[in-house]
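Just below is one structure, and these are the notes that go with it.
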There are 2 protein chains.
Amino acid sequence: MKRMLILLFCFFTLQISAQTDAENLKQIFSNSLTNGMSYQWLDHLSNQIGGRLSGSLNAEKAVQYTKEELEKLGLDNVWLQPVMVPRWVRGAPEFAYIETSPGQTTNVNICALGGSVATPNGGVKAKVIEVNSYTDLEALGTDKIKGKIVFINRPMQADLINTFEAYGGCSSERYRGAAEAAKYGAVGTIVRSLNLRLDDYPHTGSMSYGDLPVNQRIPSAAISTNDAELLSGMLALDKDINFFFSQSCKQLADVQSYNVIGEITGSEFPNEIIVVGGHLDSWDLGDGSHDDGAGVVQSMDVLRLLKESGIRPKRTIRAVLFMNEENGLRGGRKYAEVAKSKKENHVFALESDSGGFTPRGFSFDCSEAMLAKVQSWRPLFKPYLIHFFEKGYSGADIGPLKEEGLVLAGLRPDSQRYFDHHHAANDTFEHVNKRELELGAASMTALVYLIDAYGTQTISNTEELRD
Amino acid sequence: MKRMLILLFCFFTLQISAQTDAENLKQIFSNSLTNGMSYQWLDHLSNQIGGRLSGSLNAEKAVQYTKEELEKLGLDNVWLQPVMVPRWVRGAPEFAYIETSPGQTTNVNICALGGSVATPNGGVKAKVIEVNSYTDLEALGTDKIKGKIVFINRPMQADLINTFEAYGGCSSERYRGAAEAAKYGAVGTIVRSLNLRLDDYPHTGSMSYGDLPVNQRIPSAAISTNDAELLSGMLALDKDINFFFSQSCKQLADVQSYNVIGEITGSEFPNEIIVVGGHLDSWDLGDGSHDDGAGVVQSMDVLRLLKESGIRPKRTIRAVLFMNEENGLRGGRKYAEVAKSKKENHVFALESDSGGFTPRGFSFDCSEAMLAKVQSWRPLFKPYLIHFFEKGYSGADIGPLKEEGLVLAGLRPDSQRYFDHHHAANDTFEHVNKRELELGAASMTALVYLIDAYGTQTISNTEELRD
């Protein structure tokens, strides 16, 4: 009889708790869709500030703006975490053309890759050798490459459903292409933009020379997908055409910047920290609305939505707006370094850095048992069409926090449009849909709420086996 | 032993069949994403033809174009099915303003609702009475309404996740508003656009006077959401402001048009017909890319993708491009009438008329047993992030086919952006993403493939109970 009563008690407690969770999620989503701040904050970041390249005045303005907005929320703590960041500047607009015969030129759209050196004054003009990947260079060797511009024309694979997978299949061409081509005496590299669409926007992004000596570094630029097709077509007709490009970008000395942090102190376990974040810096061509203004304002809104919904978290919920994800990851590394030195106990970290599109779910870097625990919450997310809960990548900024027991996660919005805008001049506010952004903020808040309520403890594998 | 062998045989047959299904779906999706025709067809429909209001020259061009394109696919039959359609024309651009005092006017953005009468020559100017719904009119009565313009300012409910549900909560204001207001002596109605976003586009759509005598009909227009907010705000300050609008739309005599039909004859059960369709007509303000150029080209691509993937369907697969969904549904009714008179056996009908956005799944008008059968295919759809398989609305054009045993379904794309464009001047090609459109075509093809392979027969409830 006593056992029966206990069972009944558990049953009703669970029922009540399940009801409360469903109600809280409903409140979170309603609040976000009717009263959310994400869109208004993003409007300011995008349209009043604009692109926020690390070390720029705009990046500094974004630090001040988001700090002030977090302070208005009545959080328990808001502070700036100092971090030195690299400062790379684009300089004058890049210029490039294909020359089919002397005086016969066709202009094409390029942009310098982040971290690239400038061309010599007056630009560089040379014959072109087209490859599908930097891994093709070794077979060609110095004989065929020396003195030429290497054109890496590797299209993203269109039949992959997850466009980030297609990105992963090409991103090292952009990152390593110039360093590899320089080894064989190339005078520059032109890389096909990482864009699944055919259009005229060149897409920038970080590149590295690795340990290549400074005097061997060659300029590297991205070319729009339309112009990559054009150049490839022209080369098929005549291998002897010339390509010209000029760019005046340069790397300056590191400058002082900040991660922006705000938190609600946990009512029961204040030392258990849940992080939710995005990155405050962006590339300079657009206004960084999707990458990653969206993640920034959604992370801020997680704190606001919890407060607005009258939820008092048991654990400390901290929004971290990381600086310098794009070209250095200094903010993410600094945050982890400080956390370690202070022996802070991080239990969960969630990053939004995949665009402000309709959320589909989350990917998790965690144990099978923890994944199963999260998947048991599926019914709570179903009314919001959040259906994706799988193992996978979390986020660059929270990556350095990784340690045994910490659960990492990434918001997974619909990915089909993301690379139309990623790192390009059309990553702008008008391509963000208000409702999609707000649904993302609400989904993140809902997951944080459930993680806070039920923790990240699971029955260990050993215990499961014993059962 | 014999029983064991039979079981083993069944097991391996199922395994092989499951593999083949997964492979066929992979081929369908890859083909659509790398080699699809939907986007190219939509480009022509949208940019070379444009808005395709029933009875217009553009609608006729769209009939001819889609017939020719279907003929190029090497189908077994392509034909036009004659249907008489209404012809309503917008006439000169509408014009409207708010007059706060004589000579003090603010222009606002309106458009005539489809089916509305014109204003008197020179327009109509009157005081305004604002209501949240036409159902509020009875309580106000003739005293307060006579001689005034009724302004129905009912916002779509923002916290509904499915935006079609929010649309459903307001659409009868647009459809019935004028007929109801006329009963109380109103001289016109202005209806808030059915748009979840605040912007300057007025959204048209069908309205009806019901059985109201011709001489009692009053003009009805939609006002943009921004201007609805403005008008409401001005009315709150001063109830005596005037509103002026002029429109010169009219209803002409019915004209000859067509449904466009193409089919692949079934190899085993040619008399069992599977229909996949969208509607060829659109409103006139934009180019009808999402509503419903997307559904048209996706339906055409279902036939092409089946052929390209080397799948020979057992049942007859028919693409039907319906005419006049927007303001009459004559095409849908005619198709059902002819099917009935020919005693055709339709087993499944699928409509795409919810925009060309990322597909999330399908809603079904069918038995529980059939839904369970479809839901058993979830694992096959999972790699494509198609997760929604629920009871629900199918589509307007296939609705008239409804009869016992016929399974009806609707493609359910992500709905967040749909009403930003629906029936407005910004329903245009550049708002359709190529991959999202192609994923929709592939999803439809995959469902049609599985329905063809496994039929729509289910174990009846009686048999289930017997088990």
Side-chain angles (χ1 to χ4, degrees), chain A residues 25-36 39 155-163 165-166 195-199 356-361 378 381-390 412-421 426 430-440 442-443, chain B residues 25-36 39 155-163 165-166 195-199 356-361 378 381-390 412-421 426 430-440 442-443:
Chain A
L25 260 62
K26 191 169 174 17
Q27 201 172 357
I28 289 166
F29 275 87
S30 288
N31 196 321
S32 190
L33 285 167
T34 57
N35 192 27
Y39 197 65
M156 287 173 78
Q157 197 182 326
D159 61 353
L160 294 171
I161 304 302
N162 176 354
T163 61
E165 215 181 305
N195 176 7
L196 279 152
R197 201 161 65 163
L198 290 174
D199 64 28
F357 300 97
T358 299
R360 305 291 297 265
R378 269 181 196 279
F381 282 101
K382 198 178 173 191
Y384 312 103
L385 303 176
I386 302 297
H387 64 101
F388 186 89
F389 300 89
E390 305 290 338
R412 296 266 68 87
D414 195 281
S415 76
Q416 299 311 319
R417 294 177 182 227
Y418 187 61
F419 292 98
D420 296 356
H421 304 283
N426 65 336
E430 69 267 27
H431 297 292
V432 176
N433 177 279
K434 182 171 181 282
R435 293 176 58 83
E436 294 180 1
L437 183 74
E438 290 165 348
L439 285 170
S443 303
Chain B
L25 260 62
K26 192 169 174 18
Q27 201 173 358
I28 288 166
F29 275 87
S30 288
N31 196 321
S32 190
L33 286 167
T34 57
N35 192 27
Y39 197 64
M156 288 172 76
Q157 197 183 327
D159 61 354
L160 294 170
I161 304 300
N162 177 354
T163 61
E165 216 180 304
N195 177 7
L196 279 151
R197 202 162 65 164
L198 289 174
D199 65 27
F357 300 96
T358 298
R360 305 292 297 264
R378 269 182 195 278
F381 281 101
K382 197 179 172 192
Y384 312 104
L385 303 176
I386 303 297
H387 64 101
F388 185 89
F389 300 89
E390 304 290 340
R412 296 267 68 87
D414 195 280
S415 75
Q416 299 310 318
R417 294 178 182 228
Y418 188 61
F419 292 97
D420 295 357
H421 304 283
N426 65 338
E430 70 268 26
H431 296 293
V432 177
N433 176 279
K434 182 171 179 283
R435 292 176 58 84
E436 293 181 1
L437 183 73
E438 290 165 347
L439 285 170
S443 303

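Per chain, numbering begins at 1; letters A, B, ... match sequence-line order. Note that the coordinates shown come from a computational prediction; the quantities given were computed from them, not determined experimentally.
- Ring geometry for A/H387 versus B/H387: interplanar angle under 30°, hence parallel rather than tilted (30 to 60°).
- Contact of A/L160 with chain B is made through the backbone alone, with heavy-atom distances under 4.5 Å.
- Remark: side-chain polar atoms of B/S32 are not paired, donor with acceptor, to backbone N or O of B/I28 under 3.5 angstrom.
- For B/Y384, the parts lying near chain A are the backbone and the side chain together; criterion is any non-hydrogen pair under 4.5 Å.
- Contacts of A/N433 with chain B are made by both backbone and side-chain atoms, with heavy-atom separations under 4.5 Å.
- With chain B as the partner, the residue from A/E436, A/K434, A/R417 showing the most heavy-atom pairs under 4.5 Å is A/R417.
- Ranked by non-hydrogen atom pairs under 4.5 Å with chain A, the options B/E438, B/K26, B/R360 are led by B/R360.
- In this structure, A/R435 contributes its side chain and B/A158 its backbone to a donor-acceptor pair below 3.5 Å.
- With rounding to the nearest 0.5 angstrom, the CG atom of A/D199 is 6.5 Å from the CG atom of A/N426.
- If you measure heavy-atom distances from A/N162 to chain B, you find no contacts under 4.5 Å at all.
- For the atom pair CD1 of B/I161 and CD of B/Q416, the computed distance is 6.5 Å after rounding to the nearest 0.5 Å.
- Of the listed residues (A/D420, A/D414, A/T34), the greatest number of heavy-atom pairs within a distance under 4.5 Å of chain B belongs to A/D414.
- Of the atoms belonging to A/K382, it is side-chain heavy atoms, and not backbone ones, that fall under 4.5 Å from chain B.
- Within the 3.5 Å criterion, the main-chain N or O of B/T163 finds a donor-acceptor partner in the side chain of B/S415.
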